[in-house]
Structures are given as structure tokens and as C-alpha cells.
Amino acid sequence: MKLTCGHTVLDLAEPCVMGVLNVTPDSFSDGGRYADPAAAVARGVAMAEEGAAIIDVGGESTRPGAAAVSVQEELARVIPVIGQLAARVAVPISVDTSKPAVMSAAIAAGASLVNDVRALREPGALDAVAGTGAAVCLMHMQGEPRTMQASPAYDDVVAEVRRFLAGRVEACVAAGIARDRICVDPGIGFGKRPEHNLALLAGLGRLADPAIPVLVGVSRKSLVGIITGRPAAERLAGSVAFAALAALRGAAIIRAHDVAATVDAVKVASALRHAAAGGD
Ligand code: 9MG
């Protein structure tokens with residue numbers, strides 16, 4: 001399995017880690033830490049050294065209740081960081097945004113993957129990516145970040161998320177984005193109750209066509225807090241456990257804040273997966 005991001009082909013025969021770099025004042029677990037561009041670039045370089053295969057730069061928090069950010073503000077936050085990081089690391093830089101203007105500027109600055117929690121549904125988003133060579137991550141979300149946790153409801157969460165993601169893959173292909181540039185994501189915590197999140201993680205293998213990589217983000221999320229009873233700052237072990245289990249169940253990319261620990265965890269999961277596939 002492969003994901004082509006610009007001129008880089010990521011070989012996903014082994015699962016890899018996407019490092020989270022929030023250049024926001026208000027993200028749920030690291031808000032404010034990397035709001036200064038120099039600190040953000042230094043953290044991005046460190047994540048690449050720790051083994052991240054992708055660095056995901058985001059300028060607007062998607063946590064429930066987060067304040068909306070203008071295009072100008074989001075550009076001011078992410079573009080200098082993406083430009084400097086693209087010059088300093090060899091791994092693909094991803095931009096976490098739903099705004100077409102930010103996608104276009106980020107790609108021009110050196111991003112080669114667009115990570116969109118709205119799966120390119122904003123007007124102009126498909127066109128902002130098509131023809132650029134950038135890859136996309138299409139995430140499922142029920143509702144909108146401000147209200148999505150009010151009353152999430154599904155009849156069959158795995159079937160519904162699978163149907164949504166398949167529809168967005170076809171919309172991308174119809175717009176001219178090649179299949180080898182698309183990955184999908186069930187959107188853990190985005191309009192889902194804990195039981196929905198667990199059903200999606202248990203059903204990872206049924207979420208997409210086997211040729212399409214599945215990305216999973218559980219790092220420090222409330223699902224980990226609900227299960228372990230711990231605040232965001234103490235969710236490393238729970239997050240790493242979920243990362244390993246998601247990789248074991250077929251996730252190709254794990255989105256994580258704690259890169260070094262997560263890289264080790266997915267290596268362990270991958271070794272076990274290969275042993276299980278070989279039989280013993
Ligand atoms: C931006 N963001 C926050 N959580 C995420 C997740 O689980 N997946 C993706 N693709 N993006 C996320």
C-alpha cells in the first residue's frame with residue numbers, strides 16, 4: 001500500500017506516524033505550546049528526527065467549542081511554519097485545514113498532503129487540491145466541531161462511516177485526484193460516543209477498500225480519558241496502546257502528538273502483525 005504526496009511516495013507496507021503540530025493558542029492538549037513559529041519549526045524538526053513520516057501542521061483547533069479562525073489568521077499561523085519546515089525536513093508536510101484558500105497557500109509553501117476533517121466538502125476544496133499533486137486525508141465527522149458531541153447517533157456506525165468515506169473518495173477521483181493520493185479516516189471523537197469510537201476501531205478493516213490507507217487519530221483524546229480516567233496531560237500510555245492496537249488492526253497511518261513513543265509502538269504492532277500473517 002502506498003500514498004503519493006507530491007513527489008514523495010510513502011511506502012505503507014509498515015504503518016507510519018503522522019506527528020501533530022498545532023500552531024494554535026487553544027488546541028485541547030498542546031494549545032499555545034507551538035504558537036511561536038520558531039518553536040513550532042523546532043518541534044517539527046524534532047518530530048522528523050523521532051521518526052515521524054508526515055508532519056501535520058494545523059492553525060485552527062477542531063476541539064468541541066473551539067473558536068472559529070479567519071482565513072487571514074489561519075494563513076498567518078501556518079504558512080511561515082510550513083515554508084520553513086519544508087526547507088528543513090525530508091518528510092511530507094501536511095496542512096490540517098478545511099479552507100480552500102489555506103489549502104492552496106499551504107501547497108504553494110511546500111505542503112504535499114491536505115488533512116481535512118470535512119473531507120473536502122467546503123465549496124472550492126476539491127478544486128484547491130485537484131491538479132496540485134498533493135495527497136488528501138478524508139475524515140468522517142458527524143455535524144460540526146462546535147456541536148458535534150451534543151447527540152451523535154448512528155444505526156450502524158461502521159457501515160455509515162464506510163459509505164460516507166467511499167462517497168468522498170469517488171468525489172475526489174471524479175474531481176481529478178488520483179486514488180494513490182487518497183487516504184481515509186474514521187474521525188475518532190468527531191460526532192461519536194465512546195461506543196461508536198470503539199466500534200470503528202474494532203472495525204478498521206471494514207472501513208475502506210483494502211488499497212486505500214486508513215489513518216487513525218486517537219492521541220490524547222477523550223476516549224483515552226474516559227477509559228483510563230486520566231486528564232489529557234496523562235494519556236500517553238493509553239494513547240500509545242490505542243496506536244499499537246489500531247496498527248495491529250490495519251491502520252496505515254497513526255496521527256499522534258507523542259511521536260517517539262508511538263513510532264516504537266507501531267513497530268511492535270507491525271512485527272506482531274507480520275508474525276500472525278506468516279502463522280507459527
Ligand atoms: C485535525 N485532527 C484532529 N483529530 C484528527 C483525527 O483523528 N484525524 C485527522 N485526520 N485529523 C484530525
Side-chain angles (χ1 to χ4, degrees), residues 3 5 10 15-24 26-31 34 52-66 68-69 74 77-78 92-99 102-103 106 111 113-122 125 129 134-146 148-149 152 157 161 164-165 168-169 172 181-192 194 196-198 200-201 204 207-208 212-225 232 235 238-239 242-243 245-247 251-258 262:
L3 183 68
C5 305
L10 282 182
C16 71
V17 173
M18 167 191 266
V20 179
L21 187 55
N22 288 321
V23 290
T24 53
D26 59 347
S27 289
F28 77 99
S29 81
D30 56 359
Y34 306 114
I54 305 168
I55 314 287
D56 190 35
V57 181
E60 177 174 18
S61 173
T62 48
R63 71 176 166 77
V69 171
E74 200 175 327
R77 289 179 185 175
V78 301
I93 312 295
S94 157
V95 61
D96 156 19
T97 189
S98 294
K99 297 187 181 80
V102 177
M103 294 173 188
L113 196 164
V114 172
N115 173 30
D116 185 4
V117 300
R118 293 181 180 79
L120 302 189
R121 283 180 292 158
E122 291 295 300
V129 178
V136 286
C137 176
L138 305 169
M139 200 196 79
H140 175 273
M141 168 167 63
Q142 187 179 82
E144 278 293 309
R146 217 167 41 77
M148 65 191 175
Q149 290 308 107
V157 67
V161 169
F164 169 85
L165 294 174
R168 294 314 299 159
V169 168
C172 285
R181 295 182 187 270
I182 301 174
C183 65
V184 298
D185 181 336
I188 299 300
F190 284 81
K192 282 131 194 145
H196 300 138
N197 292 316
L198 290 170
L200 288 165
L201 289 164
L204 274 187
L207 282 183
I212 306 254
V214 175
L215 186 153
V216 169
V218 196
S219 181
R220 301 183 188 173
K221 286 190 179 172
S222 65
L223 178 63
V224 180
R235 294 179 188 162
S239 301
F242 263 130
L245 293 167
I253 306 171
I254 305 291
R255 186 175 182 275
H257 301 81
D258 302 288
T262 309

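First listed ligand is number 1; within each ligand, the first listed atom is number 1. Source: prediction; values computed, not measured.
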Which protein N or O atoms sit under 3.5 Å from any N or O of ligand 1? Give each pair with its distance.
unit_1: ligand 1; atom_1: 2 (N); unit_2: R255; atom_2: NH1; d: 3.4
unit_1: ligand 1; atom_1: 4 (N); unit_2: K221; atom_2: NZ; d: 3.1
unit_1: ligand 1; atom_1: 4 (N); unit_2: R255; atom_2: NH1; d: 3.4
unit_1: ligand 1; atom_1: 7 (O); unit_2: G217; atom_2: O; d: 3.3
unit_1: ligand 1; atom_1: 7 (O); unit_2: K221; atom_2: NZ; d: 2.6
unit_1: ligand 1; atom_1: 8 (N); unit_2: D185; atom_2: OD2; d: 2.5
unit_1: ligand 1; atom_1: 10 (N); unit_2: N115; atom_2: OD1; d: 2.7
unit_1: ligand 1; atom_1: 10 (N); unit_2: D185; atom_2: OD2; d: 2.7
unit_1: ligand 1; atom_1: 11 (N); unit_2: N115; atom_2: ND2; d: 3.1

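- Taking each heavy atom of Q142 and P152 in turn, the nearest pair found is OE1-CA, 3.3 Å.
- For the atom pair L3 CG and I54 CD1, the distance stands at 6.5 Å (nearest 0.5 Å).
- Within the 3.5 Å criterion, the main-chain N or O of V224 finds no donor-acceptor partner in the side chain of R235.
- Counting only distance, with no hydrogens or angles, the side chain of T97 and the backbone of M103 share no donor-acceptor pair below 3.5 Å.
- For the side-chain contact (heavy atoms from CB on, under 4.5 Å) criterion with V57, the lone passing option out of N22, V20, N115, V23 is V23.
- Side chain of N197 to backbone of G189: a donor-acceptor contact under 3.5 angstrom is found.
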